[in-house]
Structure formats: structure tokens, C-alpha cells
Student: 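Here you go, one structure.
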2 protein chains.
Amino acid sequence: MTTASTSAPRWLTDEEQRVWRAYLHATTLLEDHFDRQLQRDAGMPHTYYGLLVQLSQAPRRRMRMTELARNAKITRSRLSHAIARLEKNGWVRREDCPSDKRGQNAVLTDDGLDMLRRSAPGHVEAVRQAMFDRLTDEQVKSLGEIMRTLATGLEPEGTDADLPWLR
Amino acid sequence: MTTASTSAPRWLTDEEQRVWRAYLHATTLLEDHFDRQLQRDAGMPHTYYGLLVQLSQAPRRRMRMTELARNAKITRSRLSHAIARLEKNGWVRREDCPSDKRGQNAVLTDDGLDMLRRSAPGHVEAVRQAMFDRLTDEQVKSLGEIMRTLATGLEPEGTDADLPWLR
DNA sequence: TCTATCTAGTTCAACTTTCAAGAAAAGGTC
DNA sequence: GACCTTTTCTTGAAAGTTGAACTAGATAGA
């Protein structure tokens with residue numbers, strides 16, 4: 001048992017507060033920025049775009065729903081809705097999984113691949129402008145380590161963590 | 001005029017791709033994590049909680065709508081909906097601005113302050129566990145600089161940038 | 001003043017996300 | 001096989017967000 005609920009809160013220091021605030025500001029602005037860029041240039045939010053990218057890099061341009069959800073760090077429910085929408089656009093289609101009758105594969109269509117090829121250059125440019133062009137090589141390296149640490153912290157191996165794609 | 005639309009795309013290097021992916025993974029998981037923690041312990045999403053925090057630190061526990069939107073990096077529309085919901089909960093109330101008849105102040109109520117006091121310890125603990133306990137002092141410092149740089153990049157001073165609270 | 005423009009905030013409809021519930025197949029255990 | 005549990009994915013309703021349209025008040029210029 002922990003005593004967290006009764007012991008004195010370990011408040012954030014001034015520096016920690018500033019860092020936390022900066023983190024929230026930057027991530028909120030970046031999310032807004034890319035959502036708008038992609039809504040304008042590709043007609044979908046950033047999360048949906050990320051799904052198409054995943055599929056484009058998967059063998060045979062297809063992936064099981066749960067694996068796709070795990071890669072995108074989202075719930076299966078959210079993914080179901082997203083794929084339904086992308087299917088309506090003709091960029092993805094569903095396919096029964098041969099080996100498991102419960103399973104579905106999301107498949108990137110030719111139209112979907114075209115859409116991706118058209119919008120990729122603009123999106124990469126946006127990512128560069130907003131992130132990589134502004135950071136030194138040192139900072140990029142550091143950011144990578146930090147983000148890997150934080151991500152790993154929330155999905156520790158071999159545990160019963162509350163992960164979105166298992167809900 | 002730029003030639004971005006016709007010149008060869010500056011694709012991301014392997015390292016940059018890994019960093020970008022790690023950034024997306026970490027931020028997605030963290031957002032999900034805090035949204036859930038606060039939904040469970042305070043009955044509201046993280047964005048709403050942040051609004052109450054802002055108000056609690058403002059002079060006379062009140063703030064003009066647009067300023068609150070600017071601090072939270074969100075649109076005024078989104079804020080309107082959020083304040084309406086928080087008002088229904090009794091944690092915030094609206095007040096006409098004396099000096100500008102178009103203006104509204106969002107005011108943190110006593111109930112809102114109580115709610116904040118009750119849930120703050122648990123939330124700080126969650127932030128520590130997920131972020132500060134996992135990073136070295138060096139990394140915290142570096143993260144702060146990086147995030148400040150990125151945030152500043154998206155809201156440069158004295159420009160006509162497309163900022164959420166001006167839309 | 002009169003008028004045009006801008007700013008502050010809200011509203012509606014469309015879209016996205018969450019949560020709880022459920023159908024169907026798979027995997028164990030007896 | 002029969003039974004129970006788990007896994008996979010979907011659904012529908014409620015909650016949250018977006019973008020465009022709108023009201024009302026402020027501002028600036030002729």
C-alpha cells in the first residue's frame with residue numbers, strides 16, 4: 001500500500017511548473033497546427049492521416065485493427081469510427097482476416113495511397129518548419145530520448161497497464 | 001515567393017522519423033492518461049481542469065474569455081462550450097465585464113475552488129509519476145527549453161499568425 | 001454624426017471521441 | 001462436447017470540438 005492519499009503532496013517546483021506549462025502550450029499548439037494543416041490539405045485530422053501512414057508502411061498495405069490501434073496509441077472504438085469514415089472516403093477498405101474469423105484487416109486502397117503521396121510533401125514540410133528546423137541536433141536527440149522514456153513509462157512491458165487499445 | 005510546392009521534399013531522416021514518432025506516441029499516451037485520471041477524480045477532461053487552474057491563479061479568480069482562451073491555447077468557441085459546462089457544474093459563473101459591454105468574465109466559484117483543492121494533490125502526483133519522476137534534472141531543463149522554443153515558433157510576436165483564440 | 005470595420009463572445013450543425021454494452025469467435029477446463 | 005472466460009471488433013448515445021454564421025458593442029474615418 002502507498003501512502004500517497006494521505007501524505008503531503010509533492011508540489012511542483014517553480015521550474016517544474018514552467019516546464020509543465022510549456023509542455024502543455026507547445027503540444028496544444030502543435031496538435032492544433034497539424035490538425036489544421038491536414039484538414040486543409042488532406043481533408044482529415046492528424047490522427048486519421050497517421051493511420052493511413054501506418055497502413056502504407058505495413059506489409060501488403062494492411063493491418064489488423066487491434067495492431068493498428070496499438071501503433072496509433074488509441075482505443076479500438078476510436079479506430080472503428082475512424083476506419084468507417086476513411087472507408088466512406090474510399091481511402092481504406094475492410095477485409096476479413098483469413099486466420100481469425102473475429103478479425104478485420106484495414107487495407108489502404110490505391111486512392112488512399114494517392115492521397116498520401118499528394119499530401120506527404122506538404123505535411124513533411126510542415127513538420128520540419130514547426131519542429132526540426134527550430135531545434136539543434138542536440139535538442140532533437142534529447143527530445144527523442146525524453147519522449148521514448150515517457151512513452152515507455154506509460155506502456156511498461158508485461159503488465160496490466162490501462163492501455164487504450166486494450167480497453 | 002517560396003518554391004516549396006515544386007522543389008523536392010526534404011524528407012525526414014531515419015532519426016528524425018524516430019523522434020517524430022516517439023513524440024506522437026508520448027504525447028498521445030500522456031494526454032489519454034491525464035484525461036482519464038482527471039475524468040475519474042475530478043469529473044472533467046484535462047483541458048477543463050486547466051481552465052479552473054488558470055482562474056484560480058488570476059487576480060480575483062476571474063478572467064476575460066479571450067484571455068483565458070489565449071492562456072489555454074484554444075479557440076473562443078471551444079472555451080464558450082467549456083465554460084457553459086463548468087457553469088452547469090457550479091464551478092464557474094459568468095459575469096458581465098464592467099468596462100466593455102461585449103465582454104464576459106469567467107469567475108471561479110467557491111465550489112470550483114474546493115473541487116480544485118480536493119483534486120490537485122492527486123493530479124500533481126500523476127504528473128510527477130508520468131513525467132518528472134522519470135526524467136533527470138538535465139532532461140527536465142532540456143525539455144523546458146525545447147517546448148518553449150516550439151511554442152514560441154507557433155506564436156511569434158507581432159504577426160498575423162493563425163492562432164486559435166483569434167479565429 | 002454616419003458609416004464601415006473590427007472585436008468579443010455565442011450558437012448551430014457537422015464531426016470526432018468516449019464510454020458502456022453487445023455480438024461473435026477463440027481458447028481453456030472439465 | 002458443454003461451459004466459462006477471454007479476445008476482437010462494432011454500435012449507439014453522450015460528450016467534446018470545429019468552423020461558419022451571427023449579434024452586439026467598440027473603434028476609426030469621412
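Just the heavy atoms: all of them, side chains too, but no hydrogens, waters or symmetry mates, feed the values below. So that the names make sense, note that chain A is the first sequence line, chain B the second, and so on, each numbered from 1.
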Student: What is the distance from CG of A:L38 to P of D:dT18, rounded to the nearest Å?
Tutor: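 About 15 Å, once rounded to whole Å.
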Student: Taking for each residue the nucleotide of DNA chain C bearing the nearest heavy atom, is the 5' side occupied by A:G43 or by A:K101?
Tutor: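 By nearest-heavy-atom nucleotide position, the 5'-most residue is A:G43.
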Student: What I want to check is whether the side chains of B:R78 and B:T47 have a donor and an acceptor closer together than 3.5 Å.
Tutor: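 Side-chain D/A pair, B:R78 to B:T47: present.
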Student: NA contact type, A:S80, heavy-atom cut-off 4.0 Å: base, sugar-phosphate, or nothing?
Tutor: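 Result for A:S80 = base.
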Student: In this structure, how many angstroms lie between the P atom of C:dT18 and the CG atom of A:L163, rounded?
Tutor: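 Interatomic distance, CG of A:L163 to P of C:dT18: 14 Å.
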Student: Relative to the 5' end of DNA chain C, which residue comes earlier, A:T75 or A:R102, by the nucleotide with the nearest heavy atom?
Tutor: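 Closer to the 5' end of DNA chain C: A:T75.
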Student: Do we see a donor-acceptor contact under 3.5 Å between the side chains of A:H46 and A:E31?
Tutor: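 Note: A:H46 and A:E31 side chains miss the donor-acceptor criterion.
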Student: Does A:R64 place a side-chain N or O at less than 4.0 Å from the phosphate oxygens OP1/OP2 of D:dC9?
Tutor: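 So the side chain of A:R64 is within the cut-off, an N or O lying under 4.0 Å from OP1 or OP2 of D:dC9.
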Student: Is a donor-acceptor contact shorter than 3.5 angstrom present between the side chain of B:H81 and the base of C:dC12?
Tutor: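 Such a pair is found, so the answer is yes.
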Student: Within a strict 4.5 Å, meaning less than it, do heavy atoms of the B:M131 and A:Y23 side chains meet?
Tutor: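 Yes, their side chains come closer than 4.5 Å.
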Student: Provide, to the nearest angstrom, the distance between the CZ atom belonging to B:R70 and the P atom belonging to C:dG9.
Tutor: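 Those two atoms, CZ and P, are 10 Å apart.
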Student: Would you say A:R167 places a side-chain N or O within less than 4.0 Å of OP1 or OP2 belonging to C:dA20?
Tutor: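 A:R167 to C:dA20 OP1/OP2: no side-chain N or O under 4.0 Å.
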Student: Ignoring backbone atoms, test whether B:S77 places a side-chain nitrogen or oxygen under 4.0 Å from the OP1 or OP2 oxygen of C:dG9.
Tutor: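 No, outside the criterion.
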Student: Return no unless some side-chain N or O of B:R85 is found under 4.0 Å from OP1 or OP2 of D:dA15.
Tutor: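 No, B:R85 has no side-chain N/O under 4.0 Å of OP1/OP2 on D:dA15.
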Student: Is the distance between the ring centroids of A:W20 and B:F34 under 6.0 Å?
Tutor: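 Between A:W20 and B:F34, which both carry aromatic rings, the centre distance is below 6.0 Å.
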Student: In this structure, how many angstroms lie between the P atom of C:dA26 and the CG atom of A:D96, rounded?
Tutor: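 It is 12 Å, rounded to the nearest whole Å.
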Student: Looking only at side-chain atoms of B:R76, point me to the closest of C:dA8, D:dC9, C:dA26.
Tutor: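 Looking only at side-chain atoms, B:R76 lies closest to C:dA8.
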Student: Let me check something: do A:L143 and B:L135 share a hydrophobic cluster, defined by ILVMFWY side-chain heavy atoms less than 4.5 Å apart, either directly or through other members?
Tutor: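 Linked within one cluster.
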Student: Between D:dT17 atom C1' and B:W165 atom CH2, what is the distance in whole Å?
Tutor: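 After rounding, the gap between these two atoms is 17 Å.
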Student: Check the phosphate of D:dT17 against B:R78, side-chain N and O only, distance under 4.0 Å to OP1 or OP2. Yes or no?
Tutor: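 Indeed, a polar side-chain atom of B:R78 lies that close.
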Student: Please state how far atom CG in B:D35 lies from atom C1' in D:dT17, giving the value in whole angstrom units.
Tutor: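 Those two atoms, CG and C1', are 13 Å apart.
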Student: Considering heavy-atom distances to DNA chain D, does B:S99 or B:M44 have its closest nucleotide positioned more toward the 5' end?
Tutor: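 On the 5' side of the pair lies B:M44.
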Student: Would you tell me if any nitrogen or oxygen in the side chain of A:R94 comes within less than 4.0 Å of OP1 or OP2 on D:dT10?
Tutor: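 Indeed, a polar side-chain atom of A:R94 lies that close.
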Student: When the nearest nucleotide of DNA chain D is assigned to A:R36 and to A:G103 on a heavy-atom basis, which residue is associated with the more 5' position?
Tutor: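 Result of the comparison: A:G103.
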Student: Could you tell me the separation between the CD1 atom of A:I83 and the C1' atom of C:dT16, rounded to a whole number of Å?
Tutor: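 Answer to the nearest Å: 14 Å.
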Student: Taking atom types as modelled, is there a side-chain donor on A:S142 or B:S142 under 3.5 Å from an acceptor on the other?
Tutor: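 Indeed, the side chains of A:S142 and B:S142 share at least one donor-acceptor pair under 3.5 Å.
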Student: Measure the distance from CD on B:Q104 to C1' on C:dT7 and round it to the nearest whole Å.
Tutor: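 It is 14 Å, rounded to the nearest whole Å.
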